[in-house]
There are 2 protein chains.
Amino acid sequence: MTAGKTFLFMDTIANKVDAKGRVSLPSDYRAIVKELSTDIVCYRSLSSPCIEGCTEELLDRLASDMENSLDFFSQTQDELTNLIFGDARRFAFDSTGRIMLSEKLLKHAEITDTAVFVGKGRKFQIWNPENWAREEARIRAEVFKKRPSLKPVGGQND
Amino acid sequence: MTAGKTFLFMDTIANKVDAKGRVSLPSDYRAIVKELSTDIVCYRSLSSPCIEGCTEELLDRLASDMENSLDFFSQTQDELTNLIFGDARRFAFDSTGRIMLSEKLLKHAEITDTAVFVGKGRKFQIWNPENWAREEARIRAEVFKKRPSLKPVGGQND
DNA sequence: TTGATTCCCATGTTTTCCCATGCTATACCA
DNA sequence: TGGTATAGCATGGGAAAACATGGGAATCAA
């Protein structure tokens, strides 16, 4: 990893969840965490049956945006912070690189014995294998439908 | 991450209130208090039947901000802060990590034998279990309705 | 004294830590 | 080029530490 600090969660990796609920965090993800001296934070996705994760640093920035006193009593903010921070939890990994996902999260994502990590740039998701296969197919179909309207990036196209 | 560490109250944790009125402060919360060398301050929430808590440090900052923003429209905020400071109290935890909530606070939140700690980033709340279950469901529904207009977390896109 | 608060110890459970094993990919050597 | 050594990684299991919680003794106030 370079000094430029581009940190992206990428790739799709399936790891086993053992009897204790432990899962190896993909080593690439671990490298990001170490480099940023932060921690991984996970919470239930608002829109899909999956676990969502990001760096604590990202959530901290959100908290900073919200903490200034002018908004101290705002109701919308109140509801949002309850939902996000009330659900999120820090997950430190042990010396072998594993985190222990909570019952609540595993249940929400319908994960039992295998967890699929899906990179999303600044965030990542953790899926049940079957659900992810279905979701990926759906997304691909969706994108294909919209294809004519997608602008090529950097002038490349095919 | 920058020099400053990140301190966020997160997760939702249910702890028992014993016969003496003692409750374990979640260990993550305790870690924040120790790290910042501050104290926990609690007061009755102005908007919900729950106890609200934060670091004394945060209230201190709020006080400073209020001093410096005495604009024409600040009267309401002024009154609100009066309410909070009039109600707030410091709660130190003992060697096993427990605090003793006052009758006034417990009554306001309708807490008897179980207290649910809900993280809110820089703040947290303490709820009666049933009330929190109801409130969480309400908020989820509310936020889902507003979802299209919500900015993504931390300004990142996904 | 009575009631309340603080401090300390005991216990069961959960979580974290550490060591061992086997697999896989990359590098190395003939 | 093919085979082997090496390092990193995923995974399993047991030991140790941390945590929530209950109860008793000591301290303080009215």
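Letters A, B, ... mirror the listed sequences (proteins, then strands); counts begin at 1. What's counted below: heavy atoms across the whole structure, side chains too, no hydrogens, waters or symmetry copies. Every value quoted in this text rests on a predicted model; they were computed, and no experiment measured them.
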| query | Hey, what's the ring geometry for B/Tyr29 with B/Phe117, parallel, tilted or perpendicular (30° and 60° as the breaks)? | reply |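 Perpendicular: the ring planes of B/Tyr29 and B/Phe117 meet at over 60°.
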
| query | Expressed in angstrom and rounded to an integer, what is the separation of A/Asp28 atom CG from C/dA25 atom C1'? | reply |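 Going from CG in A/Asp28 over to C1' in C/dA25 covers 14 Å.
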
| Are B/Glu52 and B/Arg44 close enough for a salt bridge, meaning some N to O gap below 4.0 Å? |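 The answer is no: the pair does not qualify as a salt bridge.
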
| request: Using a strict 4.0 Å threshold on nitrogen-to-oxygen distance, state whether B/Asp87 and B/Lys104 make a salt bridge. | output: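 Looking at B/Asp87 and B/Lys104, the cut-off is met.
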
| Considering the terminal five base pairs at each end of the helix from C/dT1-D/dA30 to C/dA30-D/dT1, what angle separates the two local helix axes, rounded to 10°? |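 For the helix from C/dT1-D/dA30 to C/dA30-D/dT1, the axes at opposite ends meet at about 30°.
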
Kindly write out the residues that satisfy side chain to side chain contact (heavy atoms under 4.5 Å, CB included) with [X], not counting sequence neighbours, or none if the list is empty.
X	answer
B/Ala109	B/Ile51, B/Ile111
B/Ile99	B/Leu25, B/Phe91, B/Phe93, B/Leu101
A/Glu142	A/Arg138, A/Lys145, A/Lys146
A/Thr55	A/Phe9, A/Leu36, A/Thr38, A/Glu57, A/Leu58

| field | Residues that, via side-chain heavy atoms closer than 4.5 angstrom, fall in one hydrophobic cluster with A/Phe144 | value |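 For A/Phe144, no cluster forms, as it stays isolated from other hydrophobic side chains.
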
| task | Output the rest of the hydrophobic cluster of A/Trp127: all Ile, Leu, Val, Met, Phe, Trp and Tyr residues reachable through side-chain heavy-atom contacts under 4.5 Å, sorted by chain and number. | result |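 Taking Ile, Leu, Val, Met, Phe, Trp and Tyr as members, A/Trp127 shares its hydrophobic cluster with A/Val116, A/Val118, A/Trp132.
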
| request: Could you tell me whether B/Ser27 contacts a base, only the sugar-phosphate backbone, or nothing, with contacts defined as non-hydrogen atoms closer than 4.0 Å? | output: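 If one applies the 4.0 Å heavy-atom cut-off, B/Ser27 turns out to touch the sugar-phosphate alone, with no base involved.
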
| request: Could I get the full list of salt bridge (Lys or Arg N to Asp or Glu O under 4.0 Å) partners for B/Glu56, not counting sequence neighbours? | output: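 Here the qualifying residues are B/Arg90.
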
| request: May I have the step-by-step check of side-chain hydrogen bond (donor to acceptor under 3.5 Å, both in side chains) for A/Asn82 and B/Glu136, ending in yes or no? | output: CA-CA 8 Å; A/Asn82 262 355; B/Glu136 192 197 3; over 6 Å; no

| Between residues 10-19 of chain A and DNA chain C, which residues have a heavy-atom gap below 4.0 Å? |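 Nucleic-acid contacts, sorted: none.
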
| request: Pull out every residue in residues 99-117 of chain A that has a heavy atom closer than 4.0 Å to any atom of DNA chain C, ordered by number, or say none. | output: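 Under 4.0 Å from DNA chain C: A/Met100.
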
| query | Which pairs count as side chain to side chain donor-acceptor pair (under 3.5 Å) when at least one residue sits in residues 9-20 of chain A, sequence neighbours excluded? | reply |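 Of all non-adjacent pairs touching residues 9-20 of chain A, those that pass side chain to side chain donor-acceptor pair (under 3.5 Å) are A/Asp18-A/Arg22.
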
| query | Do the side chains of B/Leu106 and B/Ile40 join up, straight or via other hydrophobic residues, at under 4.5 Å, putting them in one cluster? | reply |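 Yes, because B/Leu106 and B/Ile40 connect within a single hydrophobic cluster, where side-chain heavy atoms sit under 4.5 Å apart.
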
Quick test: give all pairs of protein nitrogen or oxygen and nucleotides 17-19 of chain C nitrogen or oxygen below 3.5 Å, distance rounded to 0.1 Å.
residue: C/dC17; atom: N4; partner: A/Arg22; partner atom: NH1; Å: 3.2

